[in-house]
2 protein chains.
Amino acid sequence: MAGHGARGRSGGRPTLEEVAARAGVGRGTVSRVINGSPRVSEATRAAVEAAVAELGYVPNTAARALAANRTDAIALVVPEPETRFFAEPYFSDMLRGVGAALSDTEMQLLLTFAGSDRKRQRLAQYLAAHRVDGVLLVSVHADDPLPDMLDRLDIPAVISGPRSADESLTSVDSDNYGGARQAVEHLLGRGRRSIAHITGRLDVYGAQRRIDGYRDALREAGHEVDELLIEPGDFTEEGGRRAMAALLERRPGLDAVFAASDVTAAGARHALREAGRTIPGDVALVGYDDSAIARHMDPQLTSVRQPIEEMGRSMIDLLLTEIADRRPAVSRGLERRHVVLPTELVERSSS
Amino acid sequence: MAGHGARGRSGGRPTLEEVAARAGVGRGTVSRVINGSPRVSEATRAAVEAAVAELGYVPNTAARALAANRTDAIALVVPEPETRFFAEPYFSDMLRGVGAALSDTEMQLLLTFAGSDRKRQRLAQYLAAHRVDGVLLVSVHADDPLPDMLDRLDIPAVISGPRSADESLTSVDSDNYGGARQAVEHLLGRGRRSIAHITGRLDVYGAQRRIDGYRDALREAGHEVDELLIEPGDFTEEGGRRAMAALLERRPGLDAVFAASDVTAAGARHALREAGRTIPGDVALVGYDDSAIARHMDPQLTSVRQPIEEMGRSMIDLLLTEIADRRPAVSRGLERRHVVLPTELVERSSS
DNA sequence: AGGTACTGTGGGAGCGCTCCCACAAGTGAT
DNA sequence: ATCACTTGTGGGAGCGCTCCCACAGTACCT
């Protein structure tokens, strides 16, 4: 096979040039057909398509990437160790949505963990090498340097869960505020009067929004907010347990708990059991995420569902748009977009 | 920058050529340094490395891929819809192991779902285009054409969970047979005498091995195997429920159940509850996978743990070896390797 | 008739790298 | 001194594609 030795290749895959020869046209024309350019006559297009089919031609992506300076791949960057990522069902659900949305596309999904400093280092290099056309960021802490780095490198990026109210990156989020309100209003509707809240990690914007929703729901229902019923958690089970214990000590009379995640609720449940409280008899419990845990908990957990799959889809849409927008010109100053999707309360037996 | 128009690029990344100029050497020499060739003098190497550092040079992977015919990427192919993949914790755990193992490498991980026919089609194209250096296959049914296709395309591949005893692909698996034995022996040790087994999908080799382990453990303990205590499941919760109901109907006196997965066990638990049986009082329950579900179940589920992270690592090791072996020559007929890793029983309150 | 415009097409140049051949310089055996 | 290696190096050619310029052909104005 031509060139300087067939380097261990197997079948000698057909090239653009061969397709062109076969179809009796020039290289440029084949390229135009492959890329769906409108400036090709119907007859020529048909001839080329026939040749492509006969030869089983598949474009060489490396060559395309080199020539066109794009990669047809995006990276899902997880700035956490692998362990953490998979411990929270939120992530796998998100990944599923992204995967589904991406399967309608030619884009490939790269999974990248940036948990340790060494991995961060490598990731920075990787991104600097422009090996992906865009980046999806999930679960970013308020002080993470990654988003700014992406901005500096001028790499299209979409973040799930903005870092603040004026996030500089395009973002997708569920309605944390509204979701929290739903949960609290539900508990109020069931006649609960002393509703505690175990928060998420306070450096996560979404957790703050849930606190806001909790507060406003109470206030608008004419209740006063008792700050001692709010206890910080960290989205983990152990955190939920600790927070619940603290709450029980401080406000033994509480009759409901809204936890910022299902995992937190699971921890709270343990603490409640240990304290001899029944669920939902003594204390009603509502979680957040509607993950698998909610269905497996005993009693089954009422929880706020986020449309995670839709969020994944949305992220992909936005990212692809950004990539497409950026391609033709150096059109800086794109309008940032922020999508917020509604939540839904799934009622089960814990409340 | 140079060429036919700076196509929207931002910083004008340095090229090999520029590094060479800076270091006062030829292009070939820089390439040799970058790729760690030993045929470079110490002085030259140092000079090149300095130039690389000064310029912040990062090799362009597309160019490398084109010239060298490799991609430095591997694909994790999941021949299931996204939904199924993430419903079973087994997969996310596996993915975590793979991710961890890969982070010591320059290799990138691509996540590919091949659930629908259309995706299959695309995947086939993708693989035919040799866009990855190797493939990791998980959860493959006995009749899946994918493995053979990979074999034909001569793409290095490692499969997790071989399809049969004489799997043609290099494989990694946990000791399904031994794990099942551990579970049954444990139940026997607790004085249980009528032990049922809800199997996995019967077209999965590992499920068969678990049945074998179940049978042999009973036989070697001097018990006779009651075929009516074996009921097929399909690894799902609903399947577990159905199977358990059937078993209770047929053998109401059973006092223990070994389920082929934790999810199955969760289903069985529901059916047991509905039938008024207590766990572990009336019936002891043992699962398989030791997933998050096991810890969240009530009562907490005794389960057989597979060293999934280690399996992921092992798969990567084997795959990288295959890729490396294949690179230099057309060395066909590589010896297939099959790694089997031990399991461990995690005892909790359900047994 | 000449101009202007647009449509469709061919092919040169170039993307940034790896591979390999050529060759200089050194080393040691004959 | 000649030959035969070995070690280190430079640079041409080529990977398969996209981009863009050039140009033929046709259409529609003045």
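Chain letters run A, B, ... following the sequence lines, proteins first and then strands; every chain starts at 1.
Candidate nucleotides C/dT9, D/dC17, D/dT18 were compared by shortest atom distance to the side chain of A/Asn35, and D/dT18 ranks first. For A/Pro59, counting side-chain heavy atoms from C-beta on, the closest listed nucleotide (D/dT9, C/dT9, D/dC17) is D/dC17. Checking D/dC17, D/dC19, D/dG10 against the side-chain heavy atoms of A/Leu16 singles out D/dC17 as nearest. Comparing atom distances between the B/Thr15 side chain and each of C/dC19, C/dC17, C/dG10 picks out C/dC17 as nearest.
Side-chain N/O atoms of B/Arg13 and base N/O atoms of C/dG16 include no donor-acceptor pair closer than 3.5 Å.
If you take CD of B/Glu17 and C1' of D/dG11, they are 9 Å apart, rounded to a whole angstrom. Computed from coordinates, the B/Leu66 CG to C/dG14 P distance equals 17 Å when rounded to whole Å. When the P atom of C/dG16 is taken as reference, atom OH of B/Tyr57 falls 10 Å away, rounded to whole Å. Taking atom CZ of B/Arg39 as the reference point, atom P of C/dA25 lies 19 Å away to the nearest angstrom. In this entry the distance linking CG of A/Asn69 with C1' of D/dC19 reads 12 Å, nearest Å. For the pair A/Arg27 CZ and C/dG10 P, the interatomic distance rounds to 11 Å; values are reported in whole Å. The CG-P distance, from A/Asn60 to D/dG14, rounds to 18 Å in whole Å. Here the C1' atom of nucleotide C/dT7 and the CZ atom of A/Arg32 are 11 Å apart, to the nearest Å.
A/Asp144 contributes a side-chain N or O that, together with a main-chain N or O of A/Leu146, makes up a donor-acceptor pair within less than 3.5 Å. In this structure, the side chain of B/Ser160 does not engage the main chain of B/Val172 through any donor-acceptor pair within 3.5 Å. At least one donor-acceptor pair under 3.5 Å links the side chain of A/Thr321 to the backbone N or O of A/Asp317.
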Passes side-chain hydrogen bond (donor to acceptor under 3.5 Å, both in side chains), B/Thr170 versus B/Arg337? Steps please. CA-CA 5 Å; B/Thr170 295; B/Arg337 298 185 52 196; over 6 Å; no
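A sub-4.0 Å separation between OP1 or OP2 of D/dC17 and a side-chain N or O of A/Ser31 is absent. Between A/Ser41 and C/dG8, a side-chain N or O to OP1/OP2 separation shorter than 4.0 Å is absent.
Comparing A/Ala63 and A/Pro38 by the nucleotide of DNA chain C that holds the closest heavy atom to each, the one mapping nearer the 5' end is A/Pro38.
The environment of CG in B/Asp143 is crowded: more than 12 heavy-atom neighbours from other residues, nucleotides or ligands sit within 6.0 Å.
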